[in-house]
A.B. asks: 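This structure is in structure tokens; I'll ask about it shortly.
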Amino acid sequence: FAHVICNDILSFPDIHYDGHDIQEIQPGVVLVEDNVVRGTHTGQAYQPLPMWDPIPATGRPVVLDPERYFFTLREDGKIVKVDIVSLGCHTGITGLYVLVGGQL
């Protein structure tokens with residue numbers, strides 16, 4: 001998960017993750033509701049997966065559809081698992097890739 005975030009930051013330097021209604025839904029599981037990712041493709045070429053062609057910076061602003069994030073935490077607070085539920089068509093690395101002009 002961290003390498004995906006790092007790649008996103010390098011390609012979308014102003015990327016912003018905007019989640020609402022953050023709550024612990026059971027011990028060790030935190031839910032972030034309606035997370036929306038937005039940013040502008042002004043950084044390095046975006047190539048989230050090696051088999052996809054890199055897309056040079058386009059300057060396009062992108063807004064992804066909402067997602068729900070479930071973080072499973074150890075007792076010391078370290079994240080050990082992330083589950084993401086897409087609430088639309090353009091989400092995650094695929095959504096970013098298509099919105100900046102990538103062809104799947």
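Side chains included, hydrogens not; waters and symmetry mates left out as well; all remaining heavy atoms used.
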A.B. asks: Under the 3.5 angstrom rule, does the side chain of Y97 hit a backbone N or O of I55 as a donor-acceptor pair?
C.D. replies: no

A.B. asks: Between R74 and D76, does any side-chain N to carboxylate O distance fall below 4.0 Å?
C.D. replies: yes

A.B. asks: With a 4.5 Å limit on heavy-atom distance, are the side chains of L99 and R60 in contact?
C.D. replies: no

A.B. asks: Any idea which heavy atoms bring L96 and L64 closest together, and the distance?
C.D. replies: N-CD2, 3.6 Å

A.B. asks: Using atom types as modelled, flag every donor-acceptor pair under 3.5 Å from a side chain in residues 42-52 to any protein atom, sequence neighbours excluded.
C.D. replies:
| residue | atom | partner | partner atom | Å |
| --- | --- | --- | --- | --- |
| Q44 | NE2 | N7 | OD1 | 3.4 |
| Y46 | OH | D8 | OD1 | 3.0 |
| Q47 | NE2 | P50 | O | 3.3 |
| Q47 | NE2 | W52 | O | 2.6 |

A.B. asks: For E75, does the CD atom have more than 12 heavy-atom neighbours from other residues, nucleotides or ligands under 6.0 Å away?
C.D. replies: no

A.B. asks: Is there a chain of hydrophobic side chains (I, L, V, M, F, W, Y, each step under 4.5 Å between heavy atoms) that links V82 to V85?
C.D. replies: no

A.B. asks: Would you call S86 and D65 a side-chain contact if the rule is heavy atoms closer than 4.5 Å?
C.D. replies: no

A.B. asks: If I take atom CD1 from residue I15 and atom CG from residue L10, how far apart are they, to the nearest 0.5 angstrom?
C.D. replies: 10.5 Å

A.B. asks: Quick one: pull up OG1 in T72 and CD in Q26 and give me the separation to the nearest 0.5 Å.
C.D. replies: 8.0 Å

A.B. asks: Rounded to the nearest 0.5 Å, how far apart are CD1 of I22 and OH of Y69?
C.D. replies: 11.5 Å

A.B. asks: So V62 and H90, do their side chains get closer than 4.5 Å, heavy atoms only?
C.D. replies: no

A.B. asks: CG of N35 to CG of D21: how many Å apart, nearest 0.5 Å?
C.D. replies: 12.5 Å

A.B. asks: Same cluster or not: are Y17 and F70 linked, directly or through other Ile, Leu, Val, Met, Phe, Trp or Tyr residues, by side-chain heavy atoms under 4.5 angstrom apart?
C.D. replies: no

A.B. asks: Using side-chain heavy atoms (C-beta onward) and a distance below 4.5 Å, is F12 in contact with V37?
C.D. replies: no

A.B. asks: Q103: which residues meet the side-chain hydrogen bond (donor to acceptor under 3.5 Å, both in side chains) condition with it, sequence neighbours left out?
C.D. replies: none

A.B. asks: List for me each residue that meets side-chain hydrogen bond (donor to acceptor under 3.5 Å, both in side chains) alongside T40, sequence neighbours excluded, and say none if there are none.
C.D. replies: D14

A.B. asks: With the 4.5 Å side-chain cut-off for hydrophobic clustering, are I84 and I9 part of the same group?
C.D. replies: yes

A.B. asks: Any chain of hydrophobic side-chain contacts (each under 4.5 Å) joining I79 to V29?
C.D. replies: no

A.B. asks: Under a single-linkage definition using a 4.5 Å side-chain heavy-atom cutoff for Ile, Leu, Val, Met, Phe, Trp and Tyr, are V32 and I93 assigned to the same hydrophobic cluster?
C.D. replies: yes

A.B. asks: Measure from the side-chain N and O atoms of H20 to the backbone N and O of D34, and report whether any donor-acceptor pair falls under 3.5 Å.
C.D. replies: no

